[in-house]
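It should be emphasised that the depicted structure is a prediction, and the values quoted were computed from it without experimental measurement.
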Amino acid sequence: SGANAQNLVFAVAGGTSRLTVSSPLGYTSTNVAAGINKFGDGELVLSSRGFLPLPVYVNSGTLTLAGGANTLAYRVATPPAASAVNTAAPTASILYASTGGVLDINGNNQAFGGLVGNVASSSLPGSGGVVTNSSATASTLTVVPFAASPFAGNITGNLTFARAGH
């Protein structure tokens, strides 16, 4: 709380464990935005859109997006109502997918302001995580690359990769 942004840290232990968060994430009553850090071999399911301008770190296990198009949305001057539909691409949120981390966009289109593997060795083949679509519904992952943002992980599943911007 307060004027400083705080990351939301989720540790889901055990490969068969699942934690579903159905509340929108990212803004507090004082309009302070946040990012996400996902740890543990289990699965974190986000079933509602959130407004997260700070990075999303998938360090291990699976982060499944189940809140519709752009489940992880972008920063806005004031947060919209929880029931508002946001389908615009984010302008600031960056996805960091480390080795052992999986982002499953789950049949939803999702956009990020960048896609990065392991920060220390992000240009070495296989040094990033996995971005996948486990759904039979085709999805698009759109990335607006920023300077020096290599991703050496895997993009798999029923997924189209789109590079926007530069």
Side chain of Asn108, backbone of Thr71: donor and acceptor closer than 3.5 Å?
no
Closest approach of Val12 and Leu19, non-hydrogen atoms and distance?
CG2-CB, 4.0 Å
As an exercise, state the distance from CG of Asn109 to OG1 of Thr137, rounded to the nearest 0.5 Å.
10.0 Å
Do Leu103 and Phe112 come close enough that some side-chain heavy atom pair is under 4.5 Å?
yes
Ile36 and Val130: same hydrophobic cluster, using ILVMFWY side-chain contacts below 4.5 Å?
no
Indicate the atoms forming the closest heavy-atom contact of Asn106 with Ala66, along with that distance.
ND2-CB, 3.7 Å
Return yes if some donor-acceptor pair links the side-chain N/O of Ser60 with the main-chain N/O of Gly101 below 3.5 Å, else return no.
no
Does Val45 belong to the same Ile/Leu/Val/Met/Phe/Trp/Tyr cluster as Ile105, with side-chain heavy atoms less than 4.5 Å apart forming each link?
no
Report whether Val102 and Leu72 are members of the same hydrophobic cluster (ILVMFWY, side-chain heavy atoms less than 4.5 Å apart, transitive linking).
no
Can any side-chain N or O of Ser98 pair as donor or acceptor with the backbone N or O of Gly129 at less than 3.5 Å?
no
Which atoms form the tightest heavy-atom contact between Val116 and Phe151, and what is the distance?
C-CD1, 3.6 Å
What's the shortest heavy-atom distance between Asp104 and Ser134, and which atoms?
OD2-OG, 2.5 Å
Applying a strict under-4.5 Å side-chain criterion to I, L, V, M, F, W and Y, I'd like to know whether Phe39 and Val56 cluster together.
no
Membership question, hydrophobic clusters at under 4.5 Å side-chain separation (ILVMFWY): are Leu46 and Leu8 in the same one?
yes
Considering only distance and modelled atom types, tabulate donor-acceptor pairs under 3.5 Å from the side chains of residues 154-162, sequence neighbours left out.
residue: Thr156; atom: OG1; partner: Thr132; partner atom: OG1; Å: 2.9
residue: Asn158; atom: ND2; partner: Ala136; partner atom: O; Å: 2.7

Using a 4.5 Å cut-off on heavy atoms from C-beta on, say whether the side chain of Val21 contacts that of Phe10.
yes
Out of curiosity, Thr99 OG1 to Asn59 CG, how far, rounded to the nearest 0.5 Å?
10.5 Å
In short, salt bridge (charged side-chain N to carboxylate O under 4.0 Å, His left out) pairs touching residues 9-21 with sequence neighbours left out are Arg18-Glu43
For a quick test of reading the model, state the closest non-hydrogen atom pair linking Ser22 to Ser48 and the distance between them.
O-CB, 3.3 Å
Given 3.5 Å as the limit, does a donor-acceptor pair link the side chain of Asn70 with the main chain of Ala111, or not?
yes
